[in-house]
Amino acid sequence: MIEILLAICALVMPDDGAELVFAGDAMQHQRQIDAAMRSDGSLDYSAYFTHIAPYVSSADYAVVNLETPLGGAPYTGYPMFCAHDNYVTALTDAGFDLMLSANNHILDRHDRGVLRTISTFEAMGVPWIGVYRDKAHREQVSPLIRDINGFKIAFLNYTYGTNGIEKSTPIEIDYIDRDLIADDVRRARDKGAELIAACIHWGDEYRLLPNDAQKSLARYLDGLGVEMIIGGHPHVIQPMRLERSAVTRHPVLTVYSLGNFISAMRTTDTRGGAMVRVRLGRDILRRPVIKGASYRMVFVEPPVTAGDNYKLHPSESNILHASMHSRRNAFVRNARAIFDRHNVNVPLDTIPIDAVR
């Protein structure tokens, strides 16, 4: 009888839901800076994301890893990144709602760069996680919890390191520390978070499969009850899995690496990445759960004529310059080989990008 009543309730209760999009590493190499430079000295990124903006902005909440500080001029690429503030404007104009800042390049302009990054986010009204002015600031604003279509979701962000650069002031950077993560998860639940997304900067660069440390940490996060584990840093894609947790019995999404969102890297597997779309809903008991997930690949088109700029395309785009077709095809072929073989319950999203709603 109880099962029948629950089934009836599920039919008559509203089928509320939400959709999240997570993107990979937004890089800013010197070639990108050079291409964005205009004759008056300004930097123009306005056309960067035109072709994928409908997909990003259609989500109820979208997250991207900003893998560079906003340290002010001079603007530099690898190995010590520093991007113009306009880069963040282009990302938010494309529909991104949250910037991840705990990554191995956040200290490239040292403590001053971290502080300016925070101040710039605040001045622009752009939410971020992963770095803070000091412990008191972190305690005040972390964990970040957002009400997204009635779902209270906490977002956490951690990095394996900062390329050997150490802080010299009280600034806080969220490093991967299991005790810290456990405490953050507990505090998020205490503050009412129904679902938790942990965005982790981890893994080996240019490897298409996760290493043992990634798998171990993913199991640990699962054991803490984290529902969404979203990875970056390798600069190439790695598999995605949507499975029922052995601990909580609820669906858990693990994305080992989304690869590059946009960059000037030129080896086959670094020329693009993936976005993952997560569909949330409620089960028969009205508990929030992941209802499904899918991925879409993106490909970076570098400048092909004088005065042109970098552009990000859906990997299936038919408006790429002819010189990019073979490179795009090779990137897609390699990525699909990994996804088709290793993904679990995370299929390719084939809905036309202008018809996601």
Side-chain angles (χ1 to χ4, degrees), residues 22 25-28 63-72 79-83 85 87-88 91-92 96-146 152-193 196-203 213-214 217 220-221 224-226 228-233:
F22 295 90
D25 302 336
M27 310 296 293
Q28 186 67 171
V63 181
V64 65
N65 174 48
L66 180 67
E67 193 146 350
T68 172
L70 305 172
M80 302 292 280
F81 291 109
C82 183
D85 302 349
Y87 193 41
V88 173
L91 287 165
T92 56
F96 285 105
D97 302 288
L98 178 64
M99 304 288 144
L100 306 177
S101 293
N103 56 62
N104 61 304
H105 285 289
I106 190 58
L107 273 175
D108 281 3
R109 285 293 174 89
H110 301 276
D111 299 37
R112 181 188 63 82
V114 170
L115 291 171
R116 189 186 182 282
T117 299
I118 293 171
S119 295
T120 301
F121 284 148
E122 289 176 334
M124 299 174 73
V126 175
W128 83 97
I129 54 175
V131 294
Y132 311 93
R133 288 190 174 88
D134 50 34
K135 290 184 182 296
H137 184 216
R138 187 183 194 279
E139 185 70 23
Q140 177 187 359
V141 301
S142 177
L144 179 76
I145 300 176
R146 287 290 185 263
K152 293 192 71 175
I153 304 173
F155 294 90
L156 310 174
N157 181 207
Y158 308 94
T159 180
Y160 74 91
T162 47
N163 293 343
I165 305 173
E166 297 183 358
K167 68 175 188 176
S168 58
T169 68
I171 63 168
E172 286 288 301
I173 297 169
D174 284 344
Y175 293 100
I176 295 172
D177 177 293
R178 295 193 178 197
D179 291 337
L180 174 67
I181 296 171
D183 185 60
D184 286 346
V185 169
R186 178 191 57 77
R187 292 196 301 124
R189 298 296 188 193
D190 289 346
K191 293 183 178 182
I196 295 177
C199 301
I200 313 292
H201 213 68
W202 60 0
Q214 287 171 275
L217 184 56
Y220 180 76
L221 293 167
L224 293 176
V226 173
M228 289 168 277
I229 304 164
I230 311 294
H233 171 64

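Because the structure is predicted, anything quoted here is derived from the model rather than measured.
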Next item on the list: Using the six-membered ring wherever Trp is involved, compare the ring planes of Phe121 and Trp128 and label them parallel, tilted or perpendicular (cut-offs 30° and 60°).
Entry: parallel
Notebook entry, point to check: Heavy atoms, side chains only, cut-off 4.5 Å: are Met99 and Thr92 in contact?
Noted result: yes
Check: Quick one: which of Ile129, Val64, Asn157, Asn65 gives a side chain to side chain contact (heavy atoms under 4.5 Å, CB included) with Leu98?
Finding: Ile129
Next item on the list: Quick one: sort the Tyr160 and His233 rings into parallel, tilted or perpendicular, breaks at 30° and 60°.
Entry: tilted
Notebook entry, point to check: Mind checking whether Thr159 and Ile106 have side chains closer than 4.5 Å, heavy atoms only?
Noted result: no
Check: So do Ser142 and Glu172 actually touch side chain to side chain, heavy atoms under 4.5 Å?
Finding: no
Notebook entry, point to check: So, Arg189 side chain and Gly225 main chain: donor-acceptor pair closer than 3.5 Å or not?
Noted result: yes
Next item on the list: Write down the atom of Leu107, the atom of Glu166, and the distance for their closest heavy-atom approach.
Entry: CD1-C, 4.1 Å
Checklist line | Smallest separation among heavy atoms of Ala102 and His201, with atom names | finding: O-CB, 3.7 Å
Note to self: Could you tell me if the side chain of Ser168 sits less than 4.5 Å from the side chain of Arg112, heavy atoms only?
What the structure shows: no
Margin query: Which heavy atom of Ala188 sits nearest to which heavy atom of Ile196, and what is that distance?
Written below: CB-CD1, 4.1 Å
Check: Just wondering, more than 12 heavy atoms not from Lys135 lying within 6.0 Å of its NZ?
Finding: no
Item checked: Euclidean distance, Asn103 CG relative to Cys199 SG, rounded to 0.5 Å -> 12.0 Å
Check: How far does OH of Tyr158 sit from CZ of Arg178, to the nearest 0.5 angstrom?
Finding: 13.0 Å
Item checked: Spatial distance of atom OG1 (Thr117) from atom CG (Leu66) [nearest 0.5 Å] -> 7.5 Å
Check: With distance as the sole test, does Arg146 use its side chain to make a donor-acceptor pair with the main-chain N or O of Ile153 at under 3.5 Å?
Finding: no
Checklist line | Gap separating the OG atom of Ser101 from the OH atom of Tyr132, nearest 0.5 angstrom | finding: 8.5 Å
Notebook entry, point to check: Could you state the interatomic distance from CG (Asn104) to CH2 (Trp202), rounded to the nearest 0.5 Å?
Noted result: 15.0 Å
Margin query: Is the shortest side-chain heavy-atom distance between Phe96 and Val88 below 4.5 Å?
Written below: no
Notebook entry, point to check: About how many Å separate OG1 of Thr162 and NE2 of His110, when rounded to the nearest 0.5 Å?
Noted result: 10.0 Å
Next item on the list: Search all heavy atoms of Gln28 against all heavy atoms of Ala83 and return the closest pair with its distance.
Entry: CG-CB, 3.8 Å
Item checked: Val141/Arg133 under side-chain contact (heavy atoms from CB on, under 4.5 Å): CA gap, chis, key distance, verdict -> CA-CA 11 Å; Val141 301; Arg133 288 190 174 88; over 6 Å; no
Next item on the list: Compare all side-chain heavy atoms of Val131 with those of Ile171 and state whether any distance is below 4.5 angstrom.
Entry: no
Checklist line | For the student: nearest non-hydrogen atoms of Asp179 and Tyr220, plus distance | finding: N-OH, 4.5 Å
Next item on the list: Mind listing the closest non-hydrogen atom pair of Phe22 and Ala197 along with its distance?
Entry: CZ-CB, 4.0 Å
Check: Between Asp184 and Arg187, does a salt bridge (Lys or Arg N to Asp or Glu O under 4.0 Å) hold up when you go through it step by step?
Finding: CA-CA 5 Å; Asp184 286 346; Arg187 292 196 301 124; 3.3 Å; yes
Notebook entry, point to check: Lys152 and Ile145: side-chain contact (heavy atoms from CB on, under 4.5 Å), yes or no, with the steps?
Noted result: CA-CA 6 Å; Lys152 293 192 71 175; Ile145 300 176; 4.1 Å; yes
Checklist line | Side chain proximity check, Met27 to Thr68, heavy atoms < 4.5 angstrom | finding: no
Notebook entry, point to check: Could you walk me through whether Leu156 and Val226 pass the side-chain contact (heavy atoms from CB on, under 4.5 Å) check?
Noted result: CA-CA 10 Å; Leu156 310 174; Val226 173; 5.6 Å; no
Check: Would you call Asp183 and Arg186 a salt bridge, taking side-chain N to carboxylate O under 4.0 Å as the test?
Finding: yes
Next item on the list: Report yes if the side chains of Met80 and Asn163 come closer than 4.5 Å at any heavy-atom pair, otherwise no.
Entry: no
